[in-house]
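Accompanying notes for the structure given below.
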Amino acid sequence: MTIDSIKNGIVIDHITAGKAMELYGILGLGELDCSVAILKNVVSAQLGKKDIIKIDRELDLDWDVIGYVDPNITVNIIKNGERVEKRKLKLPETITGVIRCKNPRCITSVEQELPQVFKLTDREKRVYRCLYCETQAGR
Ligand code: ZN
């Protein structure tokens, strides 16, 4: 794959500089068998510096997870070398199965099969709290 163009795939753009690896890990991109390119500290007029991830394959991404990691991200879907969709993300109201509650007395620490659910409680400050015990999620 060339860095500049992919024929069919996904370009995750406007990632806050330094966050590409976090997103890469959370989305499990290391498990894909296709080419994945991570561009770090790309100069951007809008952000100063940004990271970009290019995935050389069509795939379903977890939009909530991406929005959680960085709500300023734009995702471009590329088909036959053309951008067919540009998707802006936002912070999801709830996030499931991505972060774990740190409270050792939380029901989810005891009952391991319970889903880890966090609710957005402050959109401006990007604060998420455990649905069960209201412990704040750490970043
Ligand atoms: Zn909890």
Side-chain angles (χ1 to χ4, degrees):
M1 143 169 97
T2 63
I3 292 299
D4 292 325
S5 61
I6 49 178
K7 213 160 184 325
N8 294 289
I10 294 165
V11 178
I12 307 176
D13 199 358
H14 301 115
I15 307 167
T16 303
K19 287 218 161 193
M21 284 313 292
E22 182 186 352
L23 193 60
Y24 181 88
I26 274 186
L27 290 173
L29 298 179
E31 286 148 39
L32 295 177
D33 57 3
C34 64
S35 307
V36 179
I38 297 175
L39 306 175
K40 293 171 83 169
N41 297 321
V42 179
V43 175
S44 152
Q46 197 184 329
L47 295 171
K49 275 183 181 167
K50 64 177 182 180
D51 290 354
I52 301 172
I53 297 177
K54 298 189 179 193
I55 305 166
D56 199 15
R57 198 180 96 183
E58 293 171 52
L59 95 151
D60 280 326
L61 291 170
D62 190 330
W63 307 107
D64 283 352
V65 170
I66 300 174
Y68 166 73
V69 172
D70 189 344
N72 301 314
I73 284 172
T74 356
V75 177
N76 300 300
I77 313 289
I78 314 291
K79 283 204 171 111
N80 297 316
E82 308 242 343
R83 183 169 76 192
V84 292
E85 193 186 338
K86 179 175 182 171
R87 200 161 167 156
K88 282 197 170 279
L89 299 180
K90 58 179 184 359
L91 280 179
E93 288 297 326
T94 60
I95 181 103
T96 304
V98 176
I99 32 180
R100 296 194 67 85
C101 185
K102 295 172 300 183
N103 176 5
R105 286 183 296 278
C106 178
I107 183 83
T108 60
S109 302
V110 182
E111 313 250 339
Q112 298 282 337
E113 69 281 0
L114 272 180
Q116 298 272 342
V117 185
F118 283 77
K119 267 188 88 66
L120 182 64
T121 55
D122 187 333
R123 184 168 286 277
E124 206 148 289
K125 295 192 182 128
R126 294 166 65 175
V127 173
Y128 282 84
R129 288 182 187 280
C130 176
L131 185 68
Y132 307 97
C133 71
E134 301 196 334
T135 295
Q136 188 173 334
R139 299 297 311 262

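Everything numeric in this text was worked out from a predicted model, so none of it was measured. No hydrogens, no waters, no symmetry mates; every other heavy atom, side chains included, goes into these values. Just follow the structure's listing: the first ligand is 1, and inside any ligand the first atom is 1.
- Shown are the protein N/O/S atoms under 2.8 Å from the Zn ion (ligand 1), given by residue and atom: Cys101 SG, Cys106 SG, Cys130 SG, Cys133 SG.
- The distance between the ring centers of Phe118 and Tyr68 does not fall below 6.0 angstrom.
- For residues 90-102, the side chain to side chain donor-acceptor pair (under 3.5 Å) pairs, not counting sequence neighbours, are Glu93-Arg123, Arg100-Gln112.
- In this structure the side chain of Val127 reaches within 4.5 angstrom of the side chain of Arg129, judged on heavy atoms.
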(request) Go through Asp33 and Arg57 one step at a time and tell me if the side-chain contact (heavy atoms from CB on, under 4.5 Å) criterion holds. (result) CA-CA 9 Å; Asp33 57 3; Arg57 198 180 96 183; 3.3 Å; yes
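- Scored by the salt bridge (charged side-chain N to carboxylate O under 4.0 Å, His left out) test, Asp13 finds Lys50 as partners (sequence neighbours excluded).
- Under a 4.5 Å side-chain heavy-atom cut-off, the cluster of Ile, Leu, Val, Met, Phe, Trp and Tyr residues that includes Val117 is completed by Ile107, Leu114, Leu131, Tyr132.
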